[in-house]
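Report on one structure; see the data block that follows.
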Amino acid sequence: PKSVRHFFKREAYFIMRVVVTARADLSGRVTTPGGMVHLLEVCRNLQALGHEVRLFVGSEGRYQGRLPFPLVYVPMIPIRKLNTLSFPFFLFWYLLGWSLVKRPDILYENTNSYSFATLAVAKLLRIPHAMHVHGFTPDEMRMGGHGWMRVALVCFFECWNVRSSDALFW
């Protein structure tokens, strides 16, 4: 895959419609705010470059501040284990519907353990897909004591995303 800079430099002379997808706790109550801060910085930086940004996020709570870009909360089933699996399912349908109407120029995905939705919509509608890789999630899961079946499932999705994405960066 090419560098994500390739996409943003090539399109630097006109405004792109960028859709960013992520599962992050925007409330800061459930997890540490590092991932949330990084995600919002990426969105603000893309917008500062003149691009139209929309963030689709699965979050345990609402963001308390004001954001200069639209935010779409993707529903999750609020039951442990089901919320992790329900987010990609709902994200697929929300993203597919919005993309059919608004036709984004690029889908930018912040790594998610069971992510198939953003890449599936990108391939289905032939929209370029860029993925931000933060690390190899299965290694982190093994250290955290997760079972082999869950690690294997995450490994499958992560490998599929890395092989199929149009651009990767970390």
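Residue Ala117 comes nearest to Pro88 through the heavy atom pair CB-O, 3.2 Å, listed as atom of the first residue, atom of the second, then distance. In terms of heavy atoms, Ala120 sits closest to Phe92 at CB-CE1, 3.9 Å. When all heavy atoms of Arg126 and Arg103 are compared, the closest pair comes out as O-NH2, 4.0 Å. Contact detail for Ala22 and Leu39: the closest heavy-atom pair is CB-CD2, 3.6 Å. Closest of all the heavy-atom pairs between Leu119 and Ser164 is CD2-CB, 3.4 Å. Residues Phe69 and Val53 come closest through the heavy atom pair CB-O, 3.5 Å.
Using a 4.5 Å cut-off on side-chain heavy atoms (C-beta onward), Tyr108 and Val42 make contact. The shortest distance between side-chain heavy atoms of Phe56 and Val20 does not fall below 4.5 Å. Taking 4.5 Å as the limit, some side-chain heavy atom of Arg23 sits within range of a side-chain heavy atom of Met76.
Of the possible polar contacts, one joining the Ser59 side chain to the Leu26 backbone as a donor-acceptor pair under 3.5 Å is found. The main-chain N or O of Met16 is found under 3.5 Å from a side-chain atom of His51 such that the two form a donor-acceptor pair. Side chain of Arg54 to backbone of Pro104: no donor-acceptor contact under 3.5 angstrom is found. Checked by atom type and distance alone, the side chain of Asn161 pairs as donor or acceptor with a backbone atom of Ser115 at under 3.5 Å. At distances below 3.5 Å, at least one donor-acceptor pair connects side-chain atoms of Arg17 with backbone N or O atoms of Lys102.
Stacking of Arg62 on the aromatic ring of Tyr73 is recorded, both the 6.0 Å distance cut-off and the 45° axial limit being met.
Remark: of the listed residues Ile127, Leu107, Val72, Leu107 is the sole one forming a side chain to side chain contact (heavy atoms under 4.5 Å, CB included) with Leu95. In summary, of the residues considered (Leu67, Asn45, Val57), a side chain to side chain contact (heavy atoms under 4.5 Å, CB included) with Leu40 occurs for Leu67 alone.
Separation of atoms CD1 (Ile15) and CG (Leu49) is listed at 11.0 Å; rounding is to 0.5 Å. The structure places CG of Asp25 at 12.0 Å from OH of Tyr63, a figure rounded to the nearest 0.5 Å.
Linking Ile, Leu, Val, Met, Phe, Trp and Tyr residues whenever their side-chain heavy atoms come within less than 4.5 Å places Leu124 and Leu100 in a single cluster. Leu82 and Met149 are assigned to two separate hydrophobic clusters, defined by single-linkage of ILVMFWY side chains at heavy-atom distances under 4.5 Å.
Between the side chains of Glu109 and His129, at least one donor-acceptor pair of N or O atoms lies under 3.5 Å.
Counting heavy atoms of neighbouring residues, nucleotides and ligands inside a 6.0 Å radius, atom CH2 of Trp160 exceeds 12 of them.
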